[in-house]
Asker: 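Pasting in a structure now, in structure tokens, and then I'll have a few things to ask.
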Amino acid sequence: MAAFDYAPAPESRDVVHLESSYGLFIDGEFVDPRSGTSFKTVNPATEEVLAEVSEAGEADVDRAVAAARRAYDRVWSRLPGRERGKYLFRIARLIQERSRELAVLESLDNGKPIRESRDVDVPLAAAHFFYYAGWADKLEHAGVGPDPQPIGVAGQVIPWNFPLMMLAWKIAPALACGNTVVLKPAETTPLTALLFADICRQADLPPGVVNILTGAGSTGRALVEHDGIDKVAFTGSTEVGKAIARSIAGTRKRATLELGGKAANIVFDDAPVDQAVEGIVNGIFFNQGHVCCAGSRLLVQESVAEDVVDRLKRRLGTLRVGDPLDKNTDVGAINSAEQLARIRMLSQAGEDEGAVRWSPPCELPDRGFWFAPTVFTDVAQTHRIAQEEIFGPVLSVLTFRTPDEAVAKANNTPYGLSAGVWTEKGSRILWMADRLRAGVVWANTFNRFDPTSPFGGYKESGYGREGGRHGLEAYLAH
Amino acid sequence: VTTEADVSPVARARDVVGTADLTDAALRRFLHGLPGVDQVGAQARAADLSTRSVKTTAKAWAIDLAISMIDLTTLEGADTHGKVRSLCAKATTPEPSDATCPRVAAVCVYNDLVGTAIEALTEYGGRTAASWVNVAAVATAFPSGRASRAVKLADTGDAVRAGADEVDMVIDRGAFLSGHYLQVFEDIAAIREACHANGRSAHLKVILETGELATYDNVRRASWLAMAAGADFIKTSTGKISPAATLPVTMVMLEAVRDFRALTGHQVGVKPAGGIRSSKDALRHLVTVSETAGPDWLDPAWFRFGASSLLNDLLLQRQRLATGHYSGPDYVTVD
């Protein structure tokens, strides 16, 4: 019988208007950088140059922080909460109104499938603004004291894996609490943040409340180390997170850090197996595995390991890898050549150390950065692919015999961001959740996010929480 | 893959269940040992599959496939010979002006109208080797199934003697829900035998009436029970109960036939029935077939739609693909 070949179903790019070059968004205006330097941002699926983007230097950071300080002192910190809430609601609605534009631009710049940017990233970004808009006039009820006050100017540095969603996680609670921000999007994915700057203007947000500085690591360092900021919020690698923690030690700056992870997705022999397989796939192949809370280690009970792996492999045969803008694409492009090299290096290390490598047959495009979904079986706890964060579509399968062993192996990592438990036994879910050293424990699901639910890590996965009532604490003095 | 009755269902069931002695307890142990279905996860997966975008050439291919999978159905107390004859004409040539439009898979009627259907199909050219439309009859005290086994067997016998190619039986949901699995098993096995009486071999479709089974766990268990007892097809619904076929239910049944074949080598078909009215819904089901059970099931021999109004919507979509614009309900026939 013939297979069901879906015809190409590309989302139109026409909805996106790209400028050839972009300035920095400071004090409500797009301005040229003082340094005059710029860099290119490319579509990782084709290596096509999308736009020229300014690189902010120290002078620009000065300007942006000064603008944020002015806006904080003169306008934003003095506005009643209900007025701040109005702006946030307006921004949330504008994100919804411009959702297609944002989704297409996100997929172009990041390489993630349009299905995800359309159904996950952009709706969650809007939901985050809606959620914190609601808090803006209710902060005295947040449980952090009778009269919580904003902290001041927040310097925020976000990663390239969920550019717009991470921006929302950072900006929405900061603004709701009365702070102003200077945000640096990742070097490889600046475009949706620049579109968000336009949304801020459209929403008539007072100038200087949100400032967007594009640039690379040095821009981020200049921002984090700037004397004028009161708070650092960073999402990214543990290595950079540690450097930030060192650089702000002894200063008045507060910090929240959301860093790496090596999450265990734990499947017991009584799991709802078809849904568990979906959860494994969603856990590690969602967003090409570029997810800090990805379920990159599958811990499966030995008695069902063979069955689960067989089902997983069959399921991976239906994953569609390719053009991120095709509505039927499940796995898109790796975000950068640099990240692709790291994934290749660690996968090679997995093979060299004796793990068995498997990928479904799939044709990868010639141009752009691509990596086939990969599963390693026969992985030992000592292998690098079981210890280090790969941040790519690579799953390491390990087995366990007893619940105690599952807990011990799951916790045996320097990280502690998330974990998943799959079992039909409710009592075991609670027993496991008590023992897993992870900020989020998903039960019979994985990679589900909601603005009302706090998210953050244990150990080297960072500190502080984003989302929910807890997310307010990071932006309030009390 | 074995497709005919070359293994006795009882022998196969003993094999599957892993016991020589089929009892309620043994069947219960087996059925309740199947992996559970997480409701939230199953619904999320079905919703995910619904987002597949099927356009242009893929859509044309899928629409024709869907038409060829339809069991064009009329199951009303008010059915008449005339109504059935007109249904048969539609089944044979759904789009009289376009010879490339496929015929449907079967017409499905109450068993007293089987003779009429065969006669009409023969007359309209739907019983030739080149263009064959099956006749399916509902039997076994359809739709409730509340009758003695003797009555159900007599009902089935009527249908088979009248020449039905396929028999759509209902399970006794009361027996299933109260844990009398052996009774359900024996009902199905006995009806299967009646389908094969006197040298006939009518295909047996077993209706689970999933709307009354309430949980996906029950859908999975009933699917396995029916397959073990010798069903050629498992079918969601009678169409008389709401909800009838839903995408998650069809998906759970597709997982069951996939796993049953992996275990026994025996392929069983799936038929969602009732509630599928739009082309979009039909295409979502085909996507789910393709990505759950696999391409082997993308064939009228292994997947059917029990429907009546669906056919006209598929024809409208087919016309739109051919002409580039939408027509309207007056451009397809009302039967």
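Just so it is clear: chains get the letters A, B, ... in the order the sequence lines come, proteins before strands, and each one is counted from 1. Keep in mind that the numbers below use all heavy atoms, side chains included, and drop hydrogens, waters and symmetry copies. Bear in mind the structure is a predicted one, so any value in this text is a computation, not a measurement.
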Asker: Measuring from Asn328(A):CG to Thr51(B):OG1, what's the distance to the nearest 0.5 Å?
Answerer: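 One gets 7.5 Å once the value is rounded to the nearest 0.5 Å.
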Asker: If I compare all heavy atoms of Ala9(A) with all of Lys55(B), which pair ends up nearest, and what's the gap?
Answerer: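 Smallest heavy-atom distance, with atoms named: CB-CG, 4.5 Å.
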Asker: Is the CZ atom of Arg28(B) crowded by more than 12 outside heavy atoms at less than 6.0 Å?
Answerer: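 No, because the 6.0 Å sphere around CZ of Arg28(B) holds 12 heavy atoms or fewer from other groups.
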Asker: If you count heavy-atom pairs under 4.5 Å between each of Ala42(B), Gly294(B), Gly33(B) and chain A, which one has the most?
Answerer: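 Between Ala42(B), Gly294(B), Gly33(B), the count favours Ala42(B).
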Asker: Where does Ala271(A) contact chain B at under 4.5 Å (heavy atoms): side chain, backbone, both or neither?
Answerer: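 The backbone, not the side chain.
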Asker: State, to 0.1 Å, how close Asp5(A) and Ala58(B) come at their nearest heavy-atom pair, and which atoms those are.
Answerer: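 Looks like O-CB, 3.3 Å.
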Asker: Is the shortest side-chain heavy-atom distance between Glu255(B) and Arg311(A) below 4.5 Å?
Answerer: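 In short, these two side chains do not touch, never coming nearer than 4.5 Å.
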Asker: Please give me the minimum heavy-atom distance between Gly36(B) and Glu424(A), naming the atom from each residue.
Answerer: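 That closest heavy-atom pairing would be CA-OE1, 3.7 Å.
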Asker: Quick check: closest heavy atoms across Arg448(A) and Ala44(B), and the distance to 0.1 Å?
Answerer: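 Taking every non-hydrogen atom into account, NH2-CB, 4.2 Å.
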Asker: With a 4.5 angstrom heavy-atom cut-off, which part of Glu291(B) approaches chain A: side chain, backbone, both or neither?
Answerer: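 Both backbone and side chain.
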Asker: Please flag which part of Ala262(B) lies under 4.5 Å from any non-hydrogen atom of chain A: side chain, backbone, both or neither.
Answerer: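 Neither the backbone nor the side chain of Ala262(B) comes within 4.5 Å of chain A.
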Asker: For Val287(B), which atoms come within 4.5 Å of any heavy atom of chain A: side chain, backbone, both, or neither?
Answerer: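 Both backbone and side chain of Val287(B) come within 4.5 Å of chain A.
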Asker: Under 4.5 Å between any side-chain heavy atoms of Arg258(B) and Arg314(A), yes or no?
Answerer: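 The answer is yes; the side chains approach within 4.5 Å.
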Asker: Identify which part of Leu286(B) has an atom lying under 4.5 Å from any heavy atom of chain A, answering side chain, backbone, both or neither.
Answerer: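 The answer is both parts of Leu286(B).
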Asker: How close do Ala7(A) and Thr56(B) get, heavy atom to heavy atom, and via which atoms?
Answerer: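 In this case the closest contact between Ala7(A) and Thr56(B) is CB-OG1, 3.3 Å.
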Asker: Which residue out of Val252(B), Asp217(B), Thr292(B), Val37(B) racks up the most heavy-atom pairs below 4.5 Å with chain A?
Answerer: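 Most heavy-atom pairs within the cutoff with chain A belong to Val37(B).
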Asker: Could you look at Ser53(B) and say if it's the side chain, the backbone, both or neither that has a heavy atom under 4.5 Å from chain A?
Answerer: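 Both parts, backbone and side chain.
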Asker: Is Glu306(A) atom CD crowded by more than 12 heavy atoms from other residues, nucleotides or ligands, each under 6.0 Å away?
Answerer: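 No.
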Asker: Of all of Asp274(A), Thr318(A), Asn444(A), which one pairs up most often with chain B through heavy atoms under 4.5 Å apart?
Answerer: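 Of the options given, most contacts go to Asp274(A).
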Asker: By salt bridge (charged side-chain N to carboxylate O under 4.0 Å, His left out), which residues pair with Asp330(A), not counting sequence neighbours?
Answerer: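 If we apply the salt bridge (charged side-chain N to carboxylate O under 4.0 Å, His left out) test to Asp330(A), skipping adjacent residues, the hits are Arg115(A), Arg52(B).
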Asker: Would you say Val54(B) and Phe4(A) make side-chain contact, with heavy atoms under 4.5 Å?
Answerer: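 Answer yes - side chains close enough.
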Asker: Enumerate the salt bridge (Lys or Arg N to Asp or Glu O under 4.0 Å) contacts for residues 116-128 of chain A, please, sequence neighbours excluded, ordered by first and then second residue.
Answerer: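 Of all non-adjacent pairs touching residues 116-128 of chain A, those that pass salt bridge (Lys or Arg N to Asp or Glu O under 4.0 Å) are Lys112(A)-Asp121(A).
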